[in-house]
Amino acid sequence: MALDQIEIINILRSELADNFVSESKISPNNPVAHVAKSALLDAVKLLVERSEARFCMLTSVDNGLDFELIYHFSIGGRILSLKTTVPKELSELPSITDVVPGAASAEREVCDLFKINFQGLSDSRPLIVPYEWRDKKAPLRKPMGGIVAQYQKPTVETMMQHGQVFTMPSSVKANRENLQLPEVKTTMTRPEALRELQEIAREVKFDSLIGYDWQKRRLRY
Amino acid sequence: MKSKEYSMFWGCWVPMRQPSIEVACRKVLGRFGIEIRDAEGFSCCPDPVVTERLQREMWLALAARNLVIAEKAGKPLATVCNGCYETLFEAIDALETDAVQREKAATTLSRIGLAVPQRMDLRHIVEILFEDIGVENIEKLSSKRLRRLKVAVHPGCHLYRSHTRDKTQEKPKMLEQIVSATGAKPVDYGIMRFCCGYPHRVVEEEFSLKMMLARKLQRIWDAGADCVVVCCPACNIQFEFGQLELKRRYNIAFDSGIPIVHVVELVALSLGIKPEEFGLQTHRGPTSSIVSKLE
(Lines give C-alpha, C1' and ligand atoms only; values in the text may rest on other atoms or scores of the structure.)
Protein backbone atom coordinates (compact mmCIF):
# COMPACT_ATOMS: atom_id res chain seq x y z
CA MET A 1 0.00 0.00 0.00
CA ALA A 2 1.37 3.39 -0.94
CA LEU A 3 2.38 5.70 1.88
CA ASP A 4 0.41 8.91 2.26
CA GLN A 5 1.96 12.31 1.79
CA ILE A 6 2.38 13.06 5.50
CA GLU A 7 4.15 9.78 6.12
CA ILE A 8 6.49 10.42 3.19
CA ILE A 9 7.33 13.91 4.40
CA ASN A 10 8.08 12.47 7.84
CA ILE A 11 10.35 9.83 6.34
CA LEU A 12 12.21 12.52 4.40
CA ARG A 13 12.54 14.62 7.52
CA SER A 14 13.85 11.71 9.53
CA GLU A 15 16.22 10.28 6.92
CA LEU A 16 17.66 13.56 5.69
CA ALA A 17 18.03 15.06 9.17
CA ASP A 18 19.65 18.52 8.85
CA ASN A 19 19.39 18.36 5.06
CA PHE A 20 15.61 18.59 5.35
CA VAL A 21 15.26 22.36 5.30
CA SER A 22 11.53 22.97 5.64
CA GLU A 23 8.05 21.93 4.62
CA SER A 24 5.49 24.06 2.81
CA LYS A 25 2.51 23.68 0.47
CA ILE A 26 1.95 24.74 -3.13
CA SER A 27 -1.76 23.99 -2.67
CA PRO A 28 -3.74 22.23 0.09
CA ASN A 29 -3.04 18.83 -1.46
CA ASN A 30 0.46 19.49 -2.74
CA PRO A 31 3.06 19.42 0.05
CA VAL A 32 6.61 20.53 -0.70
CA ALA A 33 9.73 19.26 1.03
CA HIS A 34 12.57 21.75 0.79
CA VAL A 35 15.84 19.80 0.89
CA ALA A 36 19.50 20.79 0.68
CA LYS A 37 21.07 20.49 -2.75
CA SER A 38 23.55 17.94 -1.42
CA ALA A 39 20.67 15.68 -0.33
CA LEU A 40 18.59 15.96 -3.50
CA LEU A 41 19.59 12.58 -4.93
CA ASP A 42 19.00 10.82 -1.60
CA ALA A 43 15.54 12.42 -1.39
CA VAL A 44 14.64 11.36 -4.93
CA LYS A 45 15.84 7.78 -4.21
CA LEU A 46 13.71 7.68 -1.06
CA LEU A 47 10.62 8.76 -2.99
CA VAL A 48 11.14 6.44 -5.92
CA GLU A 49 12.34 3.36 -4.07
CA ARG A 50 10.13 3.49 -0.98
CA SER A 51 7.02 5.27 -2.21
CA GLU A 52 6.77 4.21 -5.82
CA ALA A 53 6.86 7.87 -6.77
CA ARG A 54 6.61 8.77 -10.44
CA PHE A 55 8.50 11.85 -11.63
CA CYS A 56 6.12 14.20 -13.49
CA MET A 57 7.69 17.58 -14.08
CA LEU A 58 10.55 19.91 -13.16
CA THR A 59 9.91 23.60 -12.49
CA SER A 60 12.70 26.16 -12.28
CA VAL A 61 12.26 29.59 -10.77
CA ASP A 62 14.82 32.38 -11.03
CA ASN A 63 14.37 34.55 -7.95
CA GLY A 64 17.24 36.85 -8.78
CA LEU A 65 19.80 35.48 -6.34
CA ASP A 66 19.12 31.75 -6.49
CA PHE A 67 17.31 29.21 -8.59
CA GLU A 68 14.57 27.15 -7.06
CA LEU A 69 14.28 23.72 -8.66
CA ILE A 70 10.99 22.02 -7.86
CA TYR A 71 10.63 18.33 -8.74
CA HIS A 72 6.99 17.23 -8.86
CA PHE A 73 6.22 13.56 -8.16
CA SER A 74 2.97 11.64 -8.35
CA ILE A 75 2.46 9.17 -5.52
CA GLY A 76 -0.72 7.16 -5.73
CA GLY A 77 -2.35 9.93 -7.72
CA ARG A 78 -1.34 12.70 -5.34
CA ILE A 79 1.39 15.23 -5.99
CA LEU A 80 4.35 15.72 -3.68
CA SER A 81 7.16 18.08 -4.60
CA LEU A 82 10.81 18.30 -3.69
CA LYS A 83 12.38 21.71 -3.76
CA THR A 84 16.05 22.61 -3.65
CA THR A 85 17.87 25.91 -3.96
CA VAL A 86 20.88 26.51 -6.17
CA PRO A 87 22.99 29.66 -5.73
CA LYS A 88 23.15 31.51 -9.01
CA GLU A 89 26.91 31.87 -8.74
CA LEU A 90 27.12 28.07 -9.04
CA SER A 91 24.17 27.34 -11.33
CA GLU A 92 24.90 23.65 -10.98
CA LEU A 93 23.29 20.65 -9.30
CA PRO A 94 23.31 16.86 -9.71
CA SER A 95 21.19 15.28 -12.38
CA ILE A 96 18.57 12.86 -11.08
CA THR A 97 18.73 10.79 -14.29
CA ASP A 98 20.65 8.00 -12.54
CA VAL A 99 17.50 7.41 -10.49
CA VAL A 100 14.90 8.69 -12.96
CA PRO A 101 16.24 8.34 -16.53
CA GLY A 102 13.10 9.99 -17.90
CA ALA A 103 14.02 13.26 -16.20
CA ALA A 104 16.60 13.94 -18.91
CA SER A 105 14.33 15.94 -21.16
CA ALA A 106 13.08 18.06 -18.24
CA GLU A 107 16.64 18.80 -17.15
CA ARG A 108 17.71 19.63 -20.72
CA GLU A 109 14.79 22.06 -21.01
CA VAL A 110 15.76 23.80 -17.76
CA CYS A 111 19.37 23.89 -18.90
CA ASP A 112 18.30 25.50 -22.18
CA LEU A 113 16.11 28.14 -20.57
CA PHE A 114 18.07 28.98 -17.40
CA LYS A 115 21.64 27.88 -18.16
CA ILE A 116 21.78 25.52 -15.18
CA ASN A 117 24.26 22.69 -15.43
CA PHE A 118 23.05 19.23 -14.37
CA GLN A 119 26.10 17.19 -13.33
CA GLY A 120 25.91 13.65 -14.68
CA LEU A 121 23.33 14.35 -17.38
CA SER A 122 24.59 12.11 -20.17
CA ASP A 123 22.91 13.95 -23.04
CA SER A 124 23.18 17.67 -22.59
CA ARG A 125 22.48 18.77 -26.14
CA PRO A 126 20.04 21.68 -26.52
CA LEU A 127 16.49 20.45 -26.57
CA ILE A 128 14.20 23.39 -27.18
CA VAL A 129 16.50 26.27 -28.12
CA PRO A 130 18.67 26.55 -31.24
CA TYR A 131 22.14 25.01 -31.01
CA GLU A 132 23.82 28.37 -31.52
CA TRP A 133 22.19 29.72 -28.34
CA ARG A 134 24.02 27.29 -26.07
CA ASP A 135 26.34 29.17 -23.68
CA LYS A 136 25.11 32.45 -25.15
CA LYS A 137 21.42 32.84 -24.49
CA ALA A 138 19.21 31.54 -21.71
CA PRO A 139 15.82 33.18 -22.30
CA LEU A 140 14.41 32.78 -18.78
CA ARG A 141 17.58 33.56 -16.83
CA LYS A 142 17.44 36.96 -15.16
CA PRO A 143 20.46 39.10 -14.26
CA MET A 144 21.91 38.45 -10.80
CA GLY A 145 20.15 40.73 -8.33
CA GLY A 146 18.40 40.99 -4.98
CA ILE A 147 16.02 43.30 -3.19
CA VAL A 148 18.64 45.90 -2.30
CA ALA A 149 18.78 48.55 -4.99
CA GLN A 150 22.15 49.68 -6.33
CA TYR A 151 22.04 53.01 -4.51
CA GLN A 152 21.20 51.33 -1.19
CA LYS A 153 24.05 48.83 -1.26
CA PRO A 154 26.72 50.90 0.52
CA THR A 155 24.26 51.69 3.33
CA VAL A 156 23.23 48.06 3.80
CA GLU A 157 26.73 46.60 3.49
CA THR A 158 28.23 49.08 5.94
CA MET A 159 25.48 48.33 8.44
CA MET A 160 26.10 44.59 8.19
CA GLN A 161 29.87 45.07 8.49
CA HIS A 162 29.97 47.73 11.20
CA GLY A 163 26.47 48.13 12.60
CA GLN A 164 26.35 51.72 11.37
CA VAL A 165 25.73 53.16 7.95
CA PHE A 166 28.96 55.18 7.73
CA THR A 167 32.55 54.57 8.61
CA MET A 168 34.69 57.38 9.99
CA PRO A 169 36.96 59.13 7.47
CA SER A 170 40.44 60.05 8.71
CA SER A 171 39.56 63.76 8.43
CA VAL A 172 36.65 63.36 10.86
CA LYS A 173 38.79 61.24 13.16
CA ALA A 174 41.35 64.05 13.23
CA ASN A 175 38.62 66.62 13.85
CA ARG A 176 37.24 64.57 16.74
CA GLU A 177 40.70 64.39 18.30
CA ASN A 178 41.28 68.11 17.84
CA LEU A 179 37.89 68.84 19.39
CA GLN A 180 38.72 66.44 22.27
CA LEU A 181 35.63 64.36 21.76
CA PRO A 182 35.45 61.01 23.57
CA GLU A 183 35.83 57.69 21.83
CA VAL A 184 32.82 56.50 19.80
CA LYS A 185 31.46 53.52 21.73
CA THR A 186 29.13 52.00 19.18
CA THR A 187 29.12 48.72 17.26
CA MET A 188 31.88 50.35 15.22
CA THR A 189 34.32 49.89 18.10
CA ARG A 190 32.63 47.23 20.22
CA PRO A 191 32.92 43.81 18.52
CA GLU A 192 30.64 42.11 21.05
CA ALA A 193 27.89 44.63 20.24
CA LEU A 194 28.40 44.10 16.53
CA ARG A 195 28.07 40.33 17.03
CA GLU A 196 24.66 40.91 18.63
CA LEU A 197 23.50 42.88 15.61
CA GLN A 198 24.76 40.20 13.25
CA GLU A 199 23.08 37.50 15.31
CA ILE A 200 19.79 39.38 15.00
CA ALA A 201 20.31 39.59 11.22
CA ARG A 202 20.73 35.80 11.07
CA GLU A 203 17.82 35.16 13.43
CA VAL A 204 15.31 37.14 11.37
CA LYS A 205 16.92 35.91 8.13
CA PHE A 206 17.71 39.46 7.04
CA ASP A 207 21.01 38.15 5.68
CA SER A 208 19.39 35.69 3.28
CA LEU A 209 16.64 38.17 2.40
CA ILE A 210 19.17 40.73 1.18
CA GLY A 211 21.64 38.13 -0.13
CA TYR A 212 24.53 38.93 2.20
CA ASP A 213 27.69 36.84 1.92
CA TRP A 214 29.18 36.62 5.42
CA GLN A 215 32.54 35.36 4.16
CA LYS A 216 33.07 38.06 1.57
CA ARG A 217 31.35 40.60 3.83
CA ARG A 218 29.33 42.05 1.01
CA LEU A 219 26.15 41.53 -0.94
CA ARG A 220 26.24 38.76 -3.52
CA TYR A 221 25.30 41.17 -6.31
CA MET B 1 15.06 74.69 35.00
CA LYS B 2 15.14 70.94 35.57
CA SER B 3 18.39 69.12 36.21
CA LYS B 4 18.59 66.12 33.93
CA GLU B 5 20.74 63.35 32.59
CA TYR B 6 20.32 61.76 29.19
CA SER B 7 21.68 58.73 27.46
CA MET B 8 22.58 60.32 24.15
CA PHE B 9 21.93 58.44 20.94
CA TRP B 10 24.29 60.18 18.52
CA GLY B 11 23.37 58.00 15.54
CA CYS B 12 25.66 57.57 12.53
CA TRP B 13 25.81 61.02 10.91
CA VAL B 14 26.97 63.09 13.86
CA PRO B 15 29.94 61.02 15.14
CA MET B 16 31.06 59.97 11.67
CA ARG B 17 30.54 63.18 9.70
CA GLN B 18 29.57 66.19 11.84
CA PRO B 19 31.49 66.25 15.12
CA SER B 20 30.78 69.97 15.57
CA ILE B 21 27.15 69.13 16.39
CA GLU B 22 28.28 66.70 19.09
CA VAL B 23 30.66 69.24 20.63
CA ALA B 24 28.08 72.03 20.52
CA CYS B 25 25.49 69.76 22.11
CA ARG B 26 27.82 68.71 24.92
CA LYS B 27 28.81 72.32 25.60
CA VAL B 28 25.28 73.73 25.47
CA LEU B 29 23.71 71.05 27.67
CA GLY B 30 26.71 71.22 30.01
CA ARG B 31 26.21 74.99 30.33
CA PHE B 32 22.71 74.31 31.68
CA GLY B 33 23.72 71.46 33.97
CA ILE B 34 22.29 68.70 31.81
CA GLU B 35 24.54 65.67 31.75
CA ILE B 36 25.12 63.39 28.80
CA ARG B 37 25.94 59.72 29.32
CA ASP B 38 27.50 57.82 26.45
CA ALA B 39 26.03 54.32 26.58
CA GLU B 40 28.06 51.52 25.01
CA GLY B 41 27.11 49.35 22.08
CA PHE B 42 24.48 51.33 20.18
CA SER B 43 24.12 50.43 16.50
CA CYS B 44 22.50 52.42 13.70
CA CYS B 45 19.00 53.36 14.87
CA PRO B 46 18.43 51.72 12.15
CA ASP B 47 17.55 54.18 9.44
CA PRO B 48 13.87 54.69 8.69
CA VAL B 49 14.28 54.84 4.92
CA VAL B 50 16.33 51.84 3.78
CA THR B 51 16.32 49.22 6.55
CA GLU B 52 12.69 49.58 7.55
CA ARG B 53 11.56 49.19 3.95
CA LEU B 54 13.70 46.09 3.45
CA GLN B 55 12.52 44.18 6.52
CA ARG B 56 10.51 45.63 9.36
CA GLU B 57 11.33 42.70 11.64
CA MET B 58 15.08 43.43 11.46
CA TRP B 59 14.48 47.16 11.78
CA LEU B 60 12.33 46.75 14.89
CA ALA B 61 14.65 44.22 16.54
CA LEU B 62 17.67 46.52 16.12
CA ALA B 63 15.74 49.53 17.37
CA ALA B 64 14.52 47.48 20.36
CA ARG B 65 18.10 46.44 21.10
CA ASN B 66 19.13 50.10 21.18
CA LEU B 67 16.23 50.82 23.53
CA VAL B 68 17.39 47.98 25.80
CA ILE B 69 20.85 49.58 26.03
CA ALA B 70 19.24 52.90 26.96
CA GLU B 71 17.06 51.21 29.57
CA LYS B 72 20.11 49.54 31.13
CA ALA B 73 21.84 52.91 31.29
CA GLY B 74 18.87 54.04 33.37
CA LYS B 75 18.52 57.41 31.65
CA PRO B 76 16.00 58.71 29.12
CA LEU B 77 17.18 58.43 25.55
CA ALA B 78 17.88 61.63 23.63
CA THR B 79 18.78 62.30 20.02
CA VAL B 80 19.98 65.19 17.89
CA CYS B 81 18.77 63.57 14.66
CA ASN B 82 15.28 63.58 13.16
CA GLY B 83 15.86 60.22 11.46
CA CYS B 84 16.93 58.49 14.68
CA TYR B 85 13.98 60.16 16.41
CA GLU B 86 11.59 58.82 13.77
CA THR B 87 12.88 55.26 14.07
CA LEU B 88 13.00 55.16 17.86
CA PHE B 89 9.64 56.92 18.18
CA GLU B 90 7.94 54.46 15.87
CA ALA B 91 9.71 51.46 17.41
CA ILE B 92 8.52 52.48 20.88
CA ASP B 93 5.02 52.94 19.54
CA ALA B 94 5.08 49.50 17.87
CA LEU B 95 6.45 47.79 20.97
CA GLU B 96 3.85 49.45 23.18
CA THR B 97 0.80 49.03 21.00
CA ASP B 98 1.30 46.05 18.69
CA ALA B 99 1.33 42.74 20.55
CA VAL B 100 2.34 40.73 17.49
CA GLN B 101 5.35 42.88 16.68
CA ARG B 102 6.32 43.04 20.33
CA GLU B 103 6.23 39.25 20.57
CA LYS B 104 8.38 38.87 17.47
CA ALA B 105 10.90 41.38 18.80
CA ALA B 106 10.90 39.62 22.18
CA THR B 107 11.67 36.27 20.52
CA THR B 108 14.50 37.78 18.48
CA LEU B 109 16.01 39.66 21.41
CA SER B 110 15.86 36.53 23.58
CA ARG B 111 18.34 34.88 21.19
CA ILE B 112 20.96 37.38 22.32
CA GLY B 113 19.88 37.22 25.94
CA LEU B 114 17.86 40.45 26.00
CA ALA B 115 14.24 41.27 26.80
CA VAL B 116 11.99 43.95 25.34
CA PRO B 117 12.49 47.09 27.43
CA GLN B 118 9.75 48.19 29.81
CA ARG B 119 10.62 51.87 30.14
CA MET B 120 11.15 53.72 26.89
CA ASP B 121 11.58 57.48 27.16
CA LEU B 122 12.70 59.41 24.11
CA ARG B 123 13.43 63.11 23.68
CA HIS B 124 14.49 65.13 20.68
CA ILE B 125 17.13 67.80 21.31
CA VAL B 126 14.51 70.41 20.39
CA GLU B 127 12.33 69.20 23.29
CA ILE B 128 15.30 69.27 25.65
CA LEU B 129 16.22 72.82 24.64
CA PHE B 130 12.63 73.98 24.91
CA GLU B 131 11.33 72.07 27.94
CA ASP B 132 14.39 71.33 30.08
CA ILE B 133 16.35 74.49 29.42
CA GLY B 134 13.54 76.81 28.35
CA VAL B 135 13.53 79.63 25.83
CA GLU B 136 13.56 82.19 28.61
CA ASN B 137 16.86 80.83 29.93
CA ILE B 138 18.38 80.75 26.45
CA GLU B 139 17.19 84.31 25.93
CA LYS B 140 18.52 85.39 29.32
CA LEU B 141 21.97 83.95 28.72
CA SER B 142 22.12 84.85 25.06
CA SER B 143 24.92 87.29 24.36
CA LYS B 144 22.94 89.06 21.60
CA ARG B 145 25.74 88.20 19.21
CA LEU B 146 23.28 86.91 16.63
CA ARG B 147 21.20 90.06 16.24
CA ARG B 148 22.42 90.67 12.69
CA LEU B 149 21.90 87.07 11.58
CA LYS B 150 18.84 86.31 9.46
CA VAL B 151 18.00 82.62 9.48
CA ALA B 152 15.68 80.27 7.59
CA VAL B 153 14.29 77.62 9.94
CA HIS B 154 14.03 74.13 8.46
CA PRO B 155 12.40 71.69 10.92
CA GLY B 156 12.70 68.62 8.68
CA CYS B 157 9.88 66.14 8.08
CA HIS B 158 10.38 63.81 11.04
CA LEU B 159 10.20 66.64 13.56
CA TYR B 160 6.47 66.70 12.85
CA ARG B 161 6.21 63.18 14.31
CA SER B 162 3.68 63.02 17.12
CA HIS B 163 1.21 60.62 18.68
CA THR B 164 -1.79 62.77 17.86
CA ARG B 165 -2.61 65.04 14.94
CA ASP B 166 -3.09 68.11 17.09
CA LYS B 167 0.54 67.90 18.21
CA THR B 168 2.25 67.67 14.83
CA GLN B 169 3.20 71.37 14.92
CA GLU B 170 4.39 71.25 18.52
CA LYS B 171 8.10 70.54 18.05
CA PRO B 172 8.51 72.72 14.92
CA LYS B 173 6.99 75.61 16.90
CA MET B 174 9.43 74.87 19.72
CA LEU B 175 12.27 75.07 17.22
CA GLU B 176 11.11 78.44 15.95
CA GLN B 177 10.89 79.80 19.49
CA ILE B 178 14.37 78.49 20.36
CA VAL B 179 15.80 80.17 17.26
CA SER B 180 14.11 83.45 18.17
CA ALA B 181 15.45 83.17 21.73
CA THR B 182 19.02 83.08 20.40
CA GLY B 183 18.53 86.57 19.02
CA ALA B 184 18.77 85.47 15.39
CA LYS B 185 16.03 86.78 13.09
CA PRO B 186 13.90 84.07 11.43
CA VAL B 187 12.78 84.95 7.91
CA ASP B 188 9.50 83.83 6.38
CA TYR B 189 10.36 81.99 3.19
CA GLY B 190 6.96 80.35 2.75
CA ILE B 191 7.84 76.68 2.38
CA MET B 192 9.24 75.75 5.79
CA ARG B 193 7.34 72.44 5.74
CA PHE B 194 8.81 71.46 2.36
CA CYS B 195 11.20 68.48 2.52
CA CYS B 196 14.92 69.07 1.84
CA GLY B 197 14.91 66.10 -0.53
CA TYR B 198 17.30 63.89 1.41
CA PRO B 199 15.19 60.71 1.33
CA HIS B 200 14.59 61.12 -2.41
CA ARG B 201 18.31 61.33 -3.02
CA VAL B 202 18.79 57.61 -2.60
CA VAL B 203 16.14 57.02 -5.25
CA GLU B 204 16.53 59.78 -7.84
CA GLU B 205 19.36 62.22 -7.26
CA GLU B 206 18.44 64.72 -9.95
CA PHE B 207 14.87 65.00 -8.64
CA SER B 208 16.13 65.35 -5.09
CA LEU B 209 18.58 68.10 -5.97
CA LYS B 210 16.76 70.10 -8.62
CA MET B 211 13.11 69.64 -7.71
CA MET B 212 13.41 69.62 -3.93
CA LEU B 213 16.63 71.16 -2.64
CA ALA B 214 17.14 73.86 -5.26
CA ARG B 215 13.52 75.03 -4.94
CA LYS B 216 13.83 75.32 -1.20
CA LEU B 217 17.20 77.06 -1.37
CA GLN B 218 15.89 79.53 -3.96
CA ARG B 219 13.06 80.60 -1.64
CA ILE B 220 15.48 80.86 1.28
CA TRP B 221 17.87 82.91 -0.85
CA ASP B 222 15.08 85.19 -2.08
CA ALA B 223 13.95 85.77 1.52
CA GLY B 224 17.43 87.09 2.31
CA ALA B 225 18.46 84.49 4.89
CA ASP B 226 22.12 84.38 5.89
CA CYS B 227 21.93 80.70 6.83
CA VAL B 228 19.61 77.74 7.35
CA VAL B 229 18.98 76.30 10.81
CA VAL B 230 18.25 72.59 10.91
CA CYS B 231 17.78 70.08 13.71
CA CYS B 232 18.71 67.00 11.73
CA PRO B 233 22.19 66.01 10.52
CA ALA B 234 20.75 64.31 7.43
CA CYS B 235 19.04 67.56 6.37
CA ASN B 236 22.32 69.31 7.17
CA ILE B 237 24.24 67.00 4.83
CA GLN B 238 21.62 67.35 2.11
CA PHE B 239 21.84 71.14 2.27
CA GLU B 240 25.65 71.23 2.38
CA PHE B 241 26.64 68.44 -0.02
CA GLY B 242 23.58 69.12 -2.14
CA GLN B 243 24.74 72.68 -2.81
CA LEU B 244 28.14 71.39 -3.90
CA GLU B 245 26.44 68.90 -6.23
CA LEU B 246 23.99 71.50 -7.58
CA LYS B 247 26.90 73.71 -8.51
CA ARG B 248 29.05 70.93 -9.96
CA ARG B 249 26.38 69.09 -11.92
CA TYR B 250 23.75 71.69 -12.78
CA ASN B 251 25.55 74.99 -12.43
CA ILE B 252 23.03 76.12 -9.79
CA ALA B 253 24.67 78.17 -7.06
CA PHE B 254 23.68 80.70 -4.44
CA ASP B 255 26.69 83.02 -4.36
CA SER B 256 29.40 81.18 -2.40
CA GLY B 257 26.81 78.92 -0.80
CA ILE B 258 24.21 79.24 1.95
CA PRO B 259 25.65 78.19 5.32
CA ILE B 260 23.89 75.51 7.36
CA VAL B 261 23.93 75.12 11.16
CA HIS B 262 22.29 72.73 13.56
CA VAL B 263 20.12 74.38 16.21
CA VAL B 264 22.51 73.36 19.01
CA GLU B 265 25.31 75.12 17.14
CA LEU B 266 23.16 78.24 16.85
CA VAL B 267 22.42 78.11 20.58
CA ALA B 268 26.13 77.59 21.28
CA LEU B 269 26.95 80.73 19.28
CA SER B 270 24.26 82.71 21.10
CA LEU B 271 25.72 81.64 24.45
CA GLY B 272 29.05 83.13 23.42
CA ILE B 273 30.79 79.84 22.72
CA LYS B 274 33.37 80.59 20.04
CA PRO B 275 32.87 78.91 16.65
CA GLU B 276 36.29 77.28 16.76
CA GLU B 277 35.56 75.85 20.22
CA PHE B 278 32.96 73.51 18.77
CA GLY B 279 34.45 73.21 15.30
CA LEU B 280 32.00 75.20 13.19
CA GLN B 281 34.75 75.38 10.57
CA THR B 282 34.62 71.60 10.12
CA HIS B 283 31.36 71.89 8.20
CA ARG B 284 31.62 70.91 4.54
CA GLY B 285 29.79 74.05 3.52
CA PRO B 286 30.72 77.69 4.06
CA THR B 287 30.40 79.11 7.57
CA SER B 288 32.53 82.24 7.42
CA SER B 289 29.54 84.44 6.55
CA ILE B 290 27.91 83.38 9.84
CA VAL B 291 31.05 84.25 11.78
CA SER B 292 31.28 87.63 10.04
CA LYS B 293 27.75 88.48 11.22
CA LEU B 294 28.50 87.74 14.87
CA GLU B 295 28.72 90.79 17.07
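Each chain gets a letter, A, B and so on, in the order the sequences are listed, and its residues count up from 1.
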Which of B:Thr107, B:Leu109, B:Val203 touches chain A most, by non-hydrogen pairs under 4.5 Å: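 Answer, by heavy-atom pair count under 4.5 Å with chain A: B:Val203.
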Which of A:Ile210, A:Thr186, A:Asn178, A:Leu194 touches chain B most, by non-hydrogen pairs under 4.5 Å: A:Thr186
Chain B contacts, top residue of A:Thr155, A:Leu197, A:Ile200, A:Val148 (heavy-atom pairs, under 4.5 Å):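 Most pairs with chain B among the choices: A:Ile200.
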Check each atom of [X] against the heavy atoms of chain A and say whether the ones under 4.5 Å are side chain, backbone, both or neither.
{"X": "B:Gln18", "answer": "neither"}
{"X": "B:Val49", "answer": "neither"}
{"X": "B:Arg26", "answer": "side chain"}
{"X": "B:Trp10", "answer": "neither"}
{"X": "B:Leu114", "answer": "side chain"}
{"X": "B:Glu277", "answer": "backbone"}

With rounding to the nearest 0.5 Å, note down the distance linking [atom1] in [X] to [atom2] in [Y].
{"X": "A:Thr187", "Y": "B:Glu40", "atom1": "OG1", "atom2": "CD", "result": "12.0 Å"}
{"X": "A:Glu203", "Y": "B:Ser110", "atom1": "CD", "atom2": "OG", "result": "7.0 Å"}
{"X": "B:Arg111", "Y": "A:Arg202", "atom1": "CZ", "atom2": "CZ", "result": "14.5 Å"}
{"X": "B:Asp47", "Y": "A:Gln164", "atom1": "CG", "atom2": "CD", "result": "11.5 Å"}
{"X": "B:Lys27", "Y": "A:Leu179", "atom1": "NZ", "atom2": "CG", "result": "8.5 Å"}
{"X": "A:Phe206", "Y": "B:Thr108", "atom1": "CZ", "atom2": "OG1", "result": "13.0 Å"}

Chain B heavy atoms under 4.5 Å from [X]: which part of the residue, side chain, backbone, both or neither?
{"X": "A:Ala149", "value": "neither"}
{"X": "A:Thr189", "value": "neither"}
{"X": "A:Val156", "value": "side chain"}
{"X": "A:Leu209", "value": "side chain"}
{"X": "A:Ile147", "value": "both"}

Can you confirm whether [X] is buried at [atom1], in the sense that more than 12 heavy atoms of other residues, nucleotides or ligands lie under 6.0 Å from that atom?
{"X": "A:Lys25", "atom1": "NZ", "answer": "yes"}
{"X": "A:Gln180", "atom1": "CD", "answer": "no"}
{"X": "B:Arg284", "atom1": "CZ", "answer": "no"}
{"X": "B:Lys104", "atom1": "NZ", "answer": "no"}
{"X": "B:Glu103", "atom1": "CD", "answer": "no"}

A:Val204 backbone acceptor or donor facing B:Gln55 side chain under 3.5 Å: yes
Stepwise side-chain contact (heavy atoms from CB on, under 4.5 Å) test for A:Arg176 and B:Glu22: CA-CA 10 Å; A:Arg176 290 188 65 89; B:Glu22 183 175 336; 2.9 Å; yes
Distance-minimising heavy-atom pair for A:Val184 and B:Pro15: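 The answer is CG2-CB, 4.0 Å.
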A:Pro169 versus B:Met16, closest heavy-atom pair with distance: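 Answer, listing the atom of A:Pro169 first, then B:Met16: CD-O, 3.3 Å.
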Stepwise side-chain contact (heavy atoms from CB on, under 4.5 Å) test for A:Met159 and B:Val50: CA-CA 11 Å; A:Met159 195 179 75; B:Val50 177; over 6 Å; no
